[in-house]
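Structure first, then comments.
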Amino acid sequence: MSKPTPNHFLRSIAKNDLANGKHEYVYTRFPPEPNGYLHLGHAKSICLNFGLAEDLGGKCNLRFDDTNPEKENLEFVESIRDSVEWLGFEWEKLCYASDYYDHLYGFALELIDKGLAYVDDLNAEQMREYRGTLTEPGTNSPSRERPVAENRDLFERMRAGEFAEGAYTLRAKIDMSSPNIVMRDPILYRIRYAHHYRAGDKWCIYPMYDFTHCISDALEGITHSLCTLEFQDNRELYDWVLANITIEENLVGEKGKVMPRQIEFGRSNLEYTVASKRKLIQLVNEGHVDGWDDPRLTTLVGLRRRGYTPQSIRDFCAEIGVTKKDSTIEMTVLENAIRHDLEASAKRVFGVLMPLKLVITNYPEGESETFTVKNHPKDESMGTREIPFGREVYIDHDDFMLDPPSKFFRLGPDREVRLRYGYAVTCNEVVQDSDGNVTELRCTYDPLTAKGKTPDGRKIKGIIHWVSATEAVDAEVRVYDRLYTEANPGAADDFVSLINPESLKVFPNAKIEPSVLEASTDDRFQFERVGYFCFDSVDHKESKVVMNRTVSLRDTWAKVGGK
RNA sequence: UGGGGUGUGGCCAAGUGGUUAAGGCACCGGAUUUUGAUUCCGGCAUUCGAAGGUUCGAAUCCUUCCACCCCAGCCA
């Protein structure tokens, strides 16, 4: 099932760098900011960075890009670590940009001393005005020609906490008329009196991303710094910083100096989902979903709770590829990945979501039997299990119609259907309540049809699943559907109004075959003819079975118009 | 209108001047099937954003044009 390694452009670059001796090894890093939970987009980056290193015999660090204390915390760090591990990747080193604050400060001093950075007293609004526009060059700040000694003094005092937030910034002295706005004297440091979840209160100045990221890469000996397309303009600054500081050695990386190269790749979006952190926070805070791990979300914790396997997500990432253009992936690609994995690995069981009692009137009262059935139709190594059968069983409401069309291969008045692994039964009587709802079916069975046999050779097209009425386990089953009614909810003004009201259907009275109770809590099942299910990691207890539908089976009947 | 990018079937995506333009997903047929599942076979771009040009030969090279995305946070 594991696919051949896809040869995308980044892999070609890395292999080429190895082949021509530019690098002796490939060293990548996955650098999330710990300001939220990881989602599928991050999985793409994780699979890319860790996968490339794995593939080419290199290394990959997990690095927290934690330079904005106001948004970051330990809970996110732990969740991110957990998700990366869950996906099955091992980092060479666990790093934090905040561990480089001392080094970073030193490099800032170096730039000041070289006359390549200056302390500016423009406020945010003034700075915007001086920056110019997309089509007009900026103008130099009055502080731009501040003498080196004064810059150094001011910067040291910024660090010492002598100034208010926003009073000063440290800026790189590059070119206010650069066509690339990133290069118009970018801010390197800002004053923030904020507690850092890791560095505590040691600092009141914090380095900006553009200054931090390239240096972090260099310190760790990263060879290929992969990031998304929107950082393409930042690459010029990335290179500028590294070209203008002195890195004697890679302080925490491999020996020898390497100049990391930033290369960008396109993001992938999934239809019917949103990935923006802001929107996810809104969904959680306004209670539209159950939390960051709501099974309808494509956060990694959500997908995990939904029943997605790490393998399926890795396969998905391999399937969508890596290119230099942003893409929008159809939901079926993700679904195919998990179906493919679970088809091979999930144990088959019977589960009935909407139970309809079926009484076999000619089956001896008080008697019962058990059938020994395969846990997987093709994989003998998965063994067998016993399922109890008796006079009363539950079948799914969907498998009965009062007035079925001819194409409906299931049960209806006077129709015959096979109870899978058991006998053929014919429906003789339909019991309805005063509202006309079907409440019970009374059938007769043909004792000669045990175990799939039909001695007289008659064809029984319909086969349905069932569960013993006396032995079945009660369960709550949650069936999920896409969270939005439109393919690109993120583009709408009010994405909340696009939430699919049927994204969660709860079946509180489901009946499941008893063998499920013997399984471990992270086992996954195929309810035959229905879909793939797992136990809900939050609400499932021994005393109350709660299961989630990961994904349905392909259903050509539903497509024809059955449901 | 400045700069940086991208355009191959419904969605992804190989392809880097030379057989009939890989593959996956989706879709449509058909076979097998005690899951309308799986599996299996078959179909699905005379055409690569457009128009010119170079060449014996182009999705691949050149020119022009068009479309879309990103950049004016003391976020990352």
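Below, chains carry the letters A, B, ... as their sequence lines are ordered, and counting in each starts from 1. Both backbone and side-chain heavy atoms feed into the values below; hydrogens, waters and symmetry mates do not.
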Residues 224-235 of chain A, side-chain donor-acceptor partners within the protein, below 3.5 Å, at least two apart:
| from | atom 1 | to | atom 2 | distance (Å) |
| --- | --- | --- | --- | --- |
| A/His224 | NE2 | A/Asp17 | OD2 | 3.4 |
| A/Ser225 | OG | A/Arg29 | NH1 | 3.1 |
| A/Ser225 | OG | A/Asp217 | OD2 | 2.6 |
| A/Thr228 | OG1 | A/Glu230 | OE1 | 3.0 |
| A/Thr228 | OG1 | A/Glu230 | OE2 | 3.1 |
| A/Glu230 | OE2 | A/Arg267 | NE | 3.4 |
| A/Glu230 | OE2 | A/Arg267 | NH2 | 2.5 |
| A/Gln232 | NE2 | A/Leu229 | O | 3.1 |
| A/Arg235 | NH1 | A/Glu264 | OE1 | 2.8 |
| A/Arg235 | NH1 | A/Glu264 | OE2 | 2.6 |

Check nucleotides 30-32 of chain B against the protein and report each pair of N or O atoms closer than 3.5 Å, with its distance, or say if there are none.
none

Tell me the interatomic distance from [X], atom [atom1], to [N], atom [atom2], rounded to whole angstroms.
{"X": "A/Leu48", "N": "B/A13", "atom1": "CG", "atom2": "P", "result": "13 Å"}
{"X": "A/Lys459", "N": "B/U33", "atom1": "NZ", "atom2": "C1'", "result": "11 Å"}
{"X": "A/Leu334", "N": "B/C12", "atom1": "CG", "atom2": "P", "result": "15 Å"}
{"X": "A/Tyr421", "N": "B/U33", "atom1": "OH", "atom2": "C1'", "result": "12 Å"}
{"X": "A/Leu10", "N": "B/A14", "atom1": "CG", "atom2": "P", "result": "11 Å"}
{"X": "A/His376", "N": "B/U33", "atom1": "NE2", "atom2": "C1'", "result": "13 Å"}

*Given B/A13, is OP1 or OP2 found less than 4.0 Å from the side-chain N or O atoms of A/Thr323?*
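The answer is yes; a side-chain N or O of A/Thr323 sits under 4.0 Å from OP1 or OP2.
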
*Does A/Lys325 place a side-chain N or O at less than 4.0 Å from the phosphate oxygens OP1/OP2 of B/U8?*
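Yes, because at least one side-chain N or O of A/Lys325 sits under 4.0 Å from OP1 or OP2 of B/U8.
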
*Is there any ring pair (Phe, Tyr, Trp, His ring centres under 6.0 Å) pair reaching into residues 169-194 of chain A, and which pairs are they, with sequence neighbours excluded?*
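Every pair satisfying ring pair (Phe, Tyr, Trp, His ring centres under 6.0 Å) with a residue in residues 169-194 of chain A: A/Phe155-A/Tyr189, A/Tyr189-A/Phe211.
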
Check: [X]/[Y] side-chain N/O donor and acceptor closer than 3.5 Å:
{"X": "A/Thr133", "Y": "A/Glu136", "value": "yes"}
{"X": "A/Asn180", "Y": "A/Ser178", "value": "no"}
{"X": "A/Gln311", "Y": "A/Thr309", "value": "no"}
{"X": "A/Asn61", "Y": "A/Glu220", "value": "yes"}
{"X": "A/Asp120", "Y": "A/Thr169", "value": "no"}
{"X": "A/Lys374", "Y": "A/Thr384", "value": "no"}

Would you say the ring centroid of [X] lies under 6.0 angstrom from that of [Y]?
{"X": "A/Phe163", "Y": "A/Tyr168", "answer": "yes"}
{"X": "A/Phe76", "Y": "A/Tyr37", "answer": "yes"}
{"X": "A/Phe525", "Y": "A/Phe533", "answer": "no"}
{"X": "A/Tyr421", "Y": "A/Phe350", "answer": "yes"}

*Any salt bridge between A/Arg190 and A/Glu165, counting N to O under 4.0 Å?*
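Salt bridge between A/Arg190 and A/Glu165, a charged N being under 4.0 Å from a carboxylate O: no.
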
*Indicate, yes or no, whether a donor-acceptor pair under 3.5 Å links the base of B/G10 to the side chain of A/Glu330.*
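A donor-acceptor contact between them is present.
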
*asked:* Base, sugar-phosphate or nothing for A/Val322? Non-hydrogen atoms, less than 4.0 Å.
replied: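 Counting heavy atoms under 4.0 Å across all strands, the contact made by A/Val322 is with sugar-phosphate only.
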
_Students often get this wrong, so: under 4.0 angstrom with heavy atoms, is A/Phe64 touching a base, only sugar-phosphate, or nothing?_
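It contacts nothing in the nucleic acid.
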
*What do the steps show when you test A/His196 against A/Tyr101 for ring pair (Phe, Tyr, Trp, His ring centres under 6.0 Å), and what is the final call?*
CA-CA 12 Å; A/His196 189 279; A/Tyr101 282 173; 5.7 Å; yes

Check the interface with nucleotides 37-43 of chain B: list each N/O to N/O pair with the protein under 3.5 Å, or write none.
| from | atom 1 | to | atom 2 | distance (Å) |
| --- | --- | --- | --- | --- |
| B/A37 | OP1 | A/Thr556 | OG1 | 3.2 |
| B/U38 | OP1 | A/Arg554 | NH1 | 2.2 |
| B/U38 | O2' | A/Glu343 | OE2 | 2.9 |
| B/U38 | O2' | A/Lys378 | NZ | 3.2 |
| B/U38 | O2 | A/Lys378 | NZ | 2.6 |
| B/U39 | O4' | A/Lys378 | NZ | 3.1 |

*On RNA chain B, nearest-nucleotide positions of A/Ser327 versus A/Arg235: which is more 5'?*
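That would be A/Arg235.
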
*Could you check A/Val333 against A/Lys453 and say which one's nearest nucleotide on RNA chain B is further toward the 5' end?*
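The 5'-side residue here is A/Val333.
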
*Reading nucleotides 69-76 of chain B 5' to 3', which nucleotides get B (base under 4.0 Å from a protein heavy atom), which S (sugar-phosphate only), which -?*
SSBBSBSB

*Given the C1' atoms of B/A45 and B/G9, what is the spacing between them in whole Å?*
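After rounding to an integer number of Å, I get 5 Å for this pair.
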
*For B/G73, does the glycosidic angle fall within 90° of 0 (syn) or outside that (anti)?*
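B/G73: syn.
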
_Show me, range against range, the stems involving RNA chain B, built from at least 3 consecutive Watson-Crick or G-U pairs below 3.5 Å._
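Listed by first number, the stems are B:2-7 with B:66-71, B:10-12 with B:23-25, B:27-31 with B:39-43, B:49-53 with B:61-65.
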
